[in-house]
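Heads up: the structure comes next, in structure tokens.
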Number of protein chains: 2
Amino acid sequence: MLAALAHSALMPRNAAVLPFPAEPAQHTRQPGPQVMNFAQDSGIYEEGDDATYFYKVVSGVVRTCHFSADGRRHIDAFYHVGEIFGFELASEHRFSAEAVTDCVLLPCHRHGMEEAAALDGVAIMHLYTYAMRQLDRARAHSQLLGRCNAMQKLGVFLLELSARKGDAEIELPMTRQDIADYLGLTVETVSRTIAHLEKDGVICLMRARHIVVKDRDRLEDLAA
Amino acid sequence: MLAALAHSALMPRNAAVLPFPAEPAQHTRQPGPQVMNFAQDSGIYEEGDDATYFYKVVSGVVRTCHFSADGRRHIDAFYHVGEIFGFELASEHRFSAEAVTDCVLLPCHRHGMEEAAALDGVAIMHLYTYAMRQLDRARAHSQLLGRCNAMQKLGVFLLELSARKGDAEIELPMTRQDIADYLGLTVETVSRTIAHLEKDGVICLMRARHIVVKDRDRLEDLAA
DNA sequence: CGGATTGTTGATTACTTTCAACAATGGTGG
DNA sequence: CCACCATTGTTGAAAGTAATCAACAATCCG
């Protein structure tokens, strides 16, 4: 069991990885019949739905979000290939989930996971590790929202996307509105801030959704 | 094991409870020699310290925080009696912890916990439950920081304190600066917003640290 | 009592939002 | 294949909210 912990420590910091269901599904060119397809902007589940299933992203990007009484949307997180979302402690989902792009998802039955955990110490250790990683992510996000101005928020956001891809060239899967709702800004501010970064030569805006990080150091200074 | 899950579901939503160490310590009038005392504003651990110990609050209030390069402080969370803080996935603490008031804390050895978890399915289930509860808390905080104005932030903050105590009369253990750093505001804005709430008759400011919620409904409307 | 800390209040500034208009893009059907 | 329309993104001007700078009041300790 402690070996499982040690192993976890070696995994990438923010990865949302669970060992179930079996990995093969994401490696096959033709995903088995157990995967589901979701069109861009379609809902996967809604806040308050029974959390019977959680999902692993096989391809595409997913957002989890919450709508407040006055109609404003808060995006809690984006989930990329290989990541897990929708796993809850409570019986209901606390956020809605929607497809940012066309997606292939692998739905996993929650009770299956819990039964596996009951039988298998390693499985539950993974559950725990998953929860703690998500926690780190959520805390980092709180810090970003609480302490930073628009420029810093965008800086961190772009650096994260770039780091995830391991490349200075970023293809944004989400709209400006998505970015705004994730960073606690408005579309206009996101747009203006990106324009400002381009004017300063920190990034190059090839197309609206295609950005190249020109000066990573300066971006990191901003994001500090 | 599933019984343990069901039990967890009955516990208060945001409680940060772990079964270790044994509960008796918090019930004795004279805590045993294993507890530690911390004076107000003293540091418990610093960001980057080895996360050898985590802590349970026996009395007092603790804040976990992070200092950014430009000297600004972000308070991640406040921990009250019975709650656990400083439990990490990584080997180092990601935040500093400080005593908001004079505190009595019960330090717990991390490896002790992990060994217990390795041997005991219920123990690790509690670990998992703890992590997921903290996650809910962190996500709610992100939402608050990302989507709300000063008035709404203060509304939610005061309602939480009031709910925790189960009383409309609140004794604030923290300074305005603490509140500001927790809500992503400045001291001045916190002070002004509280004054505004008082002028509107929503709260009554007995002393700076002693607030009575006069009109809970209106406060909830603000906080929505 | 006196000094330091904490909290309040006022005036000004800065940043972000809001409102508005327009440009670019992408998908669809003729 | 192109034109058209809806969606998405950008930019400008004005307004609003919170931050900053500054001064003062209240409170807490020694």
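Chain letters run A, B, ... following the sequence lines, proteins first and then strands; every chain starts at 1.
Of the listed nucleotides (dG7(C), dT16(C), dG10(C)), dT16(C) has the atom at the smallest distance from the side chain of N149(A). Nearest nucleotide to the A150(A) side chain, out of dT16(C), dG7(C), dT10(D): dT16(C).
Looking at heavy-atom distances under 4.0 Å, L185(A) makes contact with sugar-phosphate atoms alone, never a base. Nucleic acid contact class of T186(B) (heavy atoms, under 4.0 Å, all strands): base. Residue L205(A) is classed as a sugar-phosphate contact, given heavy-atom separations below 4.0 Å to backbone atoms only. Nucleic acid contact for L172(A): none, since no nucleic acid atom lies under 4.0 Å from a heavy atom of the residue. Counting any heavy atom pair closer than 4.0 Å across all strands shown, R147(A) reaches no nucleic acid atom. Here S191(B) lies in heavy-atom contact (under 4.0 Å) with a base.
Here the two rings, on H74(A) and F95(A), have centers that are 6.0 Å apart or farther.
Side-chain atoms of K153(A) never come within 3.5 Å of backbone atoms of F157(A) as a donor-acceptor pair (strictly under, hydrogens ignored). Remark: side-chain polar atoms of S96(A) are paired, donor with acceptor, to backbone N or O of E47(A) under 3.5 angstrom. Listed for the T101(B) side chain is no donor-acceptor partner under 3.5 Å among the backbone atoms of G60(B).
Each of A208(B) and M151(A) was assigned the nucleotide of DNA chain C with the nearest heavy atom; the assignment lying further toward the 5' end belongs to A208(B). Each of R72(A) and D41(B) lies near DNA chain C, and the nucleotide nearest D41(B) is the one positioned closer to the 5' end.
We find that CG of L154(A) is positioned 14 Å from C1' of dC15(C), with the value rounded to whole Å. Rounded to whole Å, atom P of dC15(C) lies 11 Å from atom CD of Q152(A). One interatomic measurement links the two molecules: CD1 of I211(A) to P of dT8(D), which rounds to 17 Å at whole-angstrom precision. Between Q40(A) atom CD and dA6(D) atom P the separation is 18 Å, expressed in whole Å. Atom CE of M206(B) is separated from atom P of dA26(D) by 17 Å (rounded to the nearest Å). Whole-Å rounding puts the D178(A) CG to dG9(D) P distance at 8 Å. One can place CD of E188(A) at 12 Å from P of dA20(C), the figure rounded to the nearest angstrom. The nearest whole Å value for the distance from the NZ atom in K199(A) to the P atom in dT11(D) is 11 Å.
In this model, a side-chain donor or acceptor of R192(B) finds a partner on the base of dT20(D) within 3.5 Å.
Taking side-chain N and O atoms only, R207(B) has no distance below 4.0 Å to OP1 or OP2 of dG7(C). OP1 and OP2 of dA18(D) both lie 4.0 Å or more from every side-chain N or O belonging to T189(B). Regarding contacts with the backbone of dG7(C), a side-chain N or O of R209(B) is found under 4.0 angstrom from either OP1 or OP2.
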For this session: Assess whether side-chain contact (heavy atoms from CB on, under 4.5 Å) is satisfied between I203(A) and V212(A), documenting all intermediate values.
Result: CA-CA 6 Å; I203(A) 62 172; V212(A) 179; over 6 Å; no
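Cation-pi geometry between R133(A) and F87(A) is not satisfied (NZ or CZ under 6.0 Å from the ring centre, within 45° of the ring normal).
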